[in-house]
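Comments concern the structure below.
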Amino acid sequence: MRIVRKIVVAGFLSLVVGALLGHFHDEVRIDQQTEIEQAAEAKEEKEIGCLREALYYEGRGGLIGEQRMMGMVILARVADLDPQWPKSICGVVAQDRQFSYKQDPVVLARPIDPVAWRRADDMARQLKREAWQYQLLPRGAECVRSYKMSDVKLASLK
């Protein structure tokens, strides 16, 4: 009987220790998954911020359709396999001589128009979320030529 009791106690202890270690392992895995998700969300927000900034500073004085097309061109460059285009929105926006506001500290120092900023933010989020769903974007140089439309056509995109 003592042997049986020892086996039962040892089995019970191993179950308790295993459960504790398993619980600890699950917590570590959940923490790692949470960190990965938070890093992905932070990267996504940074990308949306770069797109919003480009739409605001480069397109705020134009028509909404022009802003949208500019955002589409940025996204098309990111997706393009051509090595001349960076593979992130921030990379495309930061490329040398692509966006004039990046070269002009005076533009960046001006106060932000909250209405135009919000519109640029909404548009950036919508483009990031839906641009590829509703329109197949051309690649590379074709992309830039494809979106050279007249103001009349762009006005119809409002």
Side-chain angles (χ1 to χ4, degrees), residues 19-158:
L20 289 173
L21 290 176
H23 180 70
F24 174 74
H25 183 267
D26 288 344
E27 283 182 10
V28 169
R29 201 164 7 142
I30 289 169
D31 289 345
Q32 288 173 343
Q33 188 175 8
T34 302
E35 287 175 16
I36 292 169
E37 289 170 359
Q38 288 173 344
E41 287 175 15
K43 182 181 178 197
E44 179 77 8
E45 276 303 308
K46 182 178 178 189
E47 291 284 283
I48 288 171
C50 290
L51 185 56
R52 172 186 55 233
E53 186 180 88
L55 294 173
Y56 177 80
Y57 286 111
E58 288 291 319
R60 138 187 91 179
L63 300 169
I64 291 189
E66 290 172 326
Q67 276 184 309
R68 181 172 302 282
M69 289 302 118
M70 183 177 58
M72 300 282 277
V73 168
I74 292 169
L75 293 175
R77 287 179 179 179
V78 171
D80 197 326
L81 298 177
D82 189 333
Q84 78 177 13
W85 306 119
K87 300 304 164 220
S88 70
I89 293 171
C90 293
V92 168
V93 171
Q95 250 187 330
D96 237 8
R97 294 179 297 218
Q98 294 297 314
F99 294 94
S100 60
Y101 78 93
K102 287 288 199 182
Q103 317 305 318
D104 190 354
V106 174
V107 171
L108 293 170
R110 290 185 190 138
I112 290 176
D113 172 5
V115 174
W117 183 259
R118 182 69 191 161
R119 186 174 64 224
D121 182 64
D122 290 344
M123 187 178 297
R125 290 178 188 284
Q126 182 186 24
L127 282 169
K128 187 81 170 75
R129 186 177 56 246
E130 301 173 353
W132 301 103
Q133 295 175 10
Y134 301 114
Q135 184 170 1
L136 180 62
L137 297 175
R139 304 285 180 208
E142 286 301 312
C143 176
V144 176
R145 284 195 289 274
S146 295
Y147 293 121
K148 297 276 185 187
M149 299 176 162
S150 71
D151 286 347
V152 174
K153 288 182 183 174
L154 287 170
S156 69
L157 295 173
K158 279 189 177 182

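What you see below is based on every heavy atom in this structure, not just the backbone, and it leaves out hydrogens, waters and symmetry mates. This one's a predicted model, so the numbers in the text were calculated from it and none came from an experiment.
- No donor-acceptor distance shorter than 3.5 angstrom exists from the side chain of Tyr57 to the backbone of Ser100, with no hydrogens or angles considered.
- Between the CD1 atom of Ile112 and the CZ atom of Arg118 there is a distance of 13.5 Å, given to the nearest 0.5 Å.
- A donor-acceptor pair under 3.5 Å links the side-chain atoms of Glu58 to the main chain of Tyr101, judged by distance alone.
- Atom CD of residue Gln103 and atom CG of residue Leu108 lie 10.0 Å apart, to the nearest 0.5 angstrom.
- Listed by chain and residue number, Lys102 satisfy the salt bridge (Lys or Arg N to Asp or Glu O under 4.0 Å) test with Glu53 (two or more places apart in sequence, or in another chain).
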Under the criterion side chain to side chain contact (heavy atoms under 4.5 Å, CB included), I'd like the reasoning laid out for Leu51 against Glu47: C-alpha separation, chi angles, the key distance, then a yes or no.
CA-CA 6 Å; Leu51 185 56; Glu47 291 284 283; over 6 Å; no
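- Between the side chain of Lys87 and the backbone N or O of Asp80, at least one donor-acceptor pair lies under 3.5 Å.
- Of the inter-residue distances, the one linking Leu55 atom CG with Arg119 atom CZ reads 10.0 Å to the nearest 0.5 angstrom.
- A donor and an acceptor atom, one from each side chain of Gln95 and Arg77, are nowhere located under 3.5 Å apart.
- Shown here is Lys43, whose NZ atom has no more than 12 heavy atoms of other residues, nucleotides or ligands within 6.0 Å.
- Expressed to the nearest 0.5 Å, how far SG of Cys90 lies from CD1 of Ile48 amounts to 10.5 Å.
- Rounding to the nearest 0.5 Å gives a distance of 10.0 Å between OG1 of Thr34 and CD of Glu41.
- Taking each heavy atom of Ala54 and Val93 in turn, the nearest pair found is CB-CG2, 4.0 Å.
- The shortest heavy-atom contact between Leu75 and Ile89 is CD2-CD1, 3.6 Å.
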Side chain to side chain contact (heavy atoms under 4.5 Å, CB included) between Asp121 and Tyr56, intermediate numbers included:
CA-CA 8 Å; Asp121 182 64; Tyr56 177 80; over 6 Å; no
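- Note: Trp117 CH2 to Arg52 CZ = 4.5 Å, rounded to the nearest 0.5 Å.
- For Phe99, the ring pair (Phe, Tyr, Trp, His ring centres under 6.0 Å) test picks out no residue, with sequence neighbours left out.
- Ion pair Arg125/Glu45 flagged as a salt bridge, since at least one NZ, NE, NH1 or NH2 atom sits closer than 4.0 Å to an Asp/Glu carboxylate oxygen.
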